[in-house]
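Before any comments, here is the structure.
No hydrogens, no waters, no symmetry mates; every other heavy atom, side chains included, goes into these values. Read the numbers this way: they start at 1 and go in the same order the structure lists the ligands and their atoms. The structure presented is a predicted model; accordingly, all values stated were derived computationally and were not measured.
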Amino acid sequence: MAHAVDVLTSERPVQRQGRIKTTGYAAHSSTSSLQPFSFERRKPRPQDVQIDILYCGVCHSDLHTARNEWTNTTYPVVPGHEIIGRVVKTGAQVRRFKEGDLAAVGCMVDSDRTCASCQAGLEQFCESVPTFTYNSEDKHLGGMTYGGYSKTIVVDEAFVLRPPANLDLAGAAPLLCAGITTYSPLRRWKVQKGQKVGIVGLGGLGHMGVKLANAFGAHVALFTTSAHKTADAKRLGAHEVVVSKDPVQMEKHLNSFDFILDTVSAQHDINSYLNLLKRDGTLVLVGAPEKPLPLAASSIILPRRQLAGSLIGGLAETQEMLDFCGQHGITADIEIIPIQKINEAYERMLRSDVKYRFVIDMASLK
Ligand code: NAP
Ligand code: ZN
């Protein structure tokens with residue numbers, strides 16, 4: 001650990017010259033609302049792309065971080081990691097993007113690119129810790145990285161993705177986190193036709209999970225605490241809907257699922273979902289509640305069930321997911337908000353009142 005810290009501090013060139021002034025919305029403490037905030041980005045280096053942000057999705061991770069629910073937040077924090085924008089400047093070495101191109105940035109803006117995870121295309125598990133889009137150490141300017149609730153962002157070309165040209169831009173923004181976070185485990189556990197797949201929670205991640213599992217050909221059951229979401233879930237691609245508060249409905253599905261993806265952001269009973277898996281079935285947690293979730297050993301011992309987790313996806317897989325969504329015409333179902341409504345949007349997200357992702361129209365940020 002000491003070694004890692006030494007490397008970070010000795011290799012960190014703090015760029016003092018040539019900064020770009022910009023504005024965004026930041027939280028200054030775990031209890032304060034998000035407010036307008038002025039800050040600086042680095043000027044593009046030869047390998048950098050500067051992107052003026054058009055749309056940024058609102059992920060529940062933004063809320064967990066703004067309120068320090070994972071106890072790792074450095075303030076002020078500018079959340080936002082579902083970014084779609086237009087390239088306004090490129091450094092001399094940039095090859096894949098030119099001024100005027102559409103560009104996308106997800107949850108990471110850098111990694112060491114040399115460790116075994118990076119070499120395997122799993123930059124999210126970079127052994128030197130990836131630089132996340134916000135609330136990560138900024139190795140260029142010092143301080144912390146600031147995310148997409150802002151006018152402009154400067155990112156190394158290697159971490160900039162290309163959104164498919166045929167997709168609605170605002171609806172494509174949530175693919176950069178909600179899309180890849182559900183796509184990656186569905187792919188890794190080879191979800192396919194002939195399988196019975198459950199998605200738990202119909203929020204930002206969950207509704208993408210329903211769309212993608214359906215596109216992969218699975219029989220999809222959506223578990224919800226909100227009975228009124230049933231018709232929407234079916235429209236989005238669920239073949240059946242289970243109201244998880246109803247034990248009779250839950251009991252009908254005991255020992256029957258090949259795979260379940262749990263996207264719930266708050267405390268809930270994972271054992272009741274594990275019990276729905278058949279032998280060797282897998283439940284993957286992507287939701288990240290702030291407190292530990294109790295696990296009964298019997299839920300996985302019998303009959304040899306598996307409990308796993310998954311974190312976003314690597315760069316190549318994120319581009320693969322974007323291309324897949326382009327080919328299948330898949331975007332998020334969104335409600336566009338001006339940035340001034342972000343605090344209200346967080347309250348609504350906590351009440352599960354999202355259909356099914358808020359996306360900030362950055363033109364509202366003056
Ligand atoms: P979201 O839009 O708020 O959706 C969460 C859904 O969970 C809600 O819509 C609700 O669905 C259900 N839910 C909420 N409270 C519940 C409770 N007390 N009991 C049971 N169900 C409840 O959030 P999101 O943006 O999809 O994010 C979901 C979680 O994934 C968050 O914890 C987020 O931090 C995490 N996340 C993880 C990764 C990763 O890489 N692993 C990436 C992004 C986000 P119903 O109304 O249908 O029940
Ligand atoms: Zn996210």
Side-chain angles (χ1 to χ4, degrees), residues 56-70 72-73 79-83 105-108 122-125 130 132-135 147-149 173-186 188 198-211 221-234 236 238 241-246 250 261-270 272-273 284-291 293 308-314 317-318 321 332-335 345-359:
C56 184
V58 179
C59 178
H60 208 113
S61 302
D62 300 351
L63 188 160
H64 288 305
T65 306
R67 301 192 177 178
N68 198 22
E69 289 174 357
W70 296 329
N72 67 348
T73 307
H81 56 206
E82 295 183 336
I83 298 167
V105 178
C107 303
M108 299 176 284
L122 297 166
E123 296 87 355
Q124 73 272 35
F125 304 119
F132 292 104
T133 306
Y134 60 83
N135 197 42
Y149 297 4
L175 301 179
L176 277 305
C177 177
I180 185 60
T181 301
T182 48
Y183 182 93
S184 183
L186 291 171
R188 176 164 171 73
I199 306 288
V200 188
L202 196 68
L205 267 56
H207 94 291
M208 289 310 308
V210 167
K211 289 187 183 205
L222 183 272
F223 294 92
T224 182
T225 57
S226 313
H228 65 269
K229 292 182 183 173
T230 300
D232 280 350
K234 291 198 169 153
L236 294 166
V241 176
V242 182
V243 177
S244 53
K245 291 172 180 163
D246 178 350
M250 291 291 276
L261 185 65
D262 183 336
T263 76
V264 175
S265 52
Q267 287 317 107
H268 62 294
D269 179 16
I270 55 168
S272 61
Y273 296 102
V284 172
L285 280 178
V286 287
E290 56 182 305
K291 298 204 184 78
L293 299 169
S310 188
L311 177 73
I312 49 174
E317 192 175 47
T318 305
M321 175 276 309
D333 280 35
I334 58 166
E335 181 175 337
Y346 277 13
E347 291 309 315
R348 285 184 53 195
M349 190 151 59
L350 284 174
R351 295 197 299 269
S352 299
D353 176 20
V354 190
K355 290 190 169 172
Y356 280 89
R357 195 60 139 186
F358 291 114
V359 171

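Backbone or side-chain N, O or S atoms of H60 do not reach the Zn ion (ligand 2) at under 2.8 Å.
Below 4.0 Å from some heavy atom of W70 lie the following atoms of ligand 1, by number and element: 34 (O). Each of the atoms 9 (O), 11 (O), 45 (P), 47 (O) of ligand 1 lies under 4.0 Å from some heavy atom of L202. Residue-ligand proximity, S226 to ligand 1, at heavy-atom distances under 4.0 Å covers atoms 45 (P), 46 (O). When each atom of ligand 1 is checked for a heavy atom of G201 under 4.0 Å away, the hits are 11 (O), 47 (O). Using a 4.0 Å cut-off to heavy atoms of I312, the atoms of ligand 1 that qualify are 39 (C), 40 (O). Residue-ligand proximity, K229 to ligand 1, at heavy-atom distances under 4.0 Å covers atoms 9 (O), 11 (O), 45 (P), 46 (O), 47 (O). In summary, the atoms of ligand 1 found under 4.0 Å from a heavy atom of S310, numbered by their order in the structure, are 39 (C), 40 (O), 41 (N).
For the pair SG of C59 and SG of C177, the angle at the Zn ion (ligand 2) is about 130°; rounding is to 10 degrees.
Considering each of C177, S61, P174, the one bringing a non-hydrogen atom nearest atom 36 (N) of ligand 1 is S61. With atom 35 (C) of ligand 1 as the reference point, the heavy atom nearest to it among L350, V354, T65, V286 is part of V286. By heavy-atom distance, the residue among G204, C107, G106, S265 lying nearest atom 5 (C) of ligand 1 is S265.
With a heavy-atom cut-off of 4.0 Å, T263 touches ligand 1 through its backbone alone. Using a 4.0 Å cut-off between heavy atoms, H64 contacts ligand 1 through its side chain alone, with no backbone atom that close. Of all the heavy atoms of Q267, the ones lying under 4.0 Å from any atom of ligand 1 belong exclusively to the backbone.
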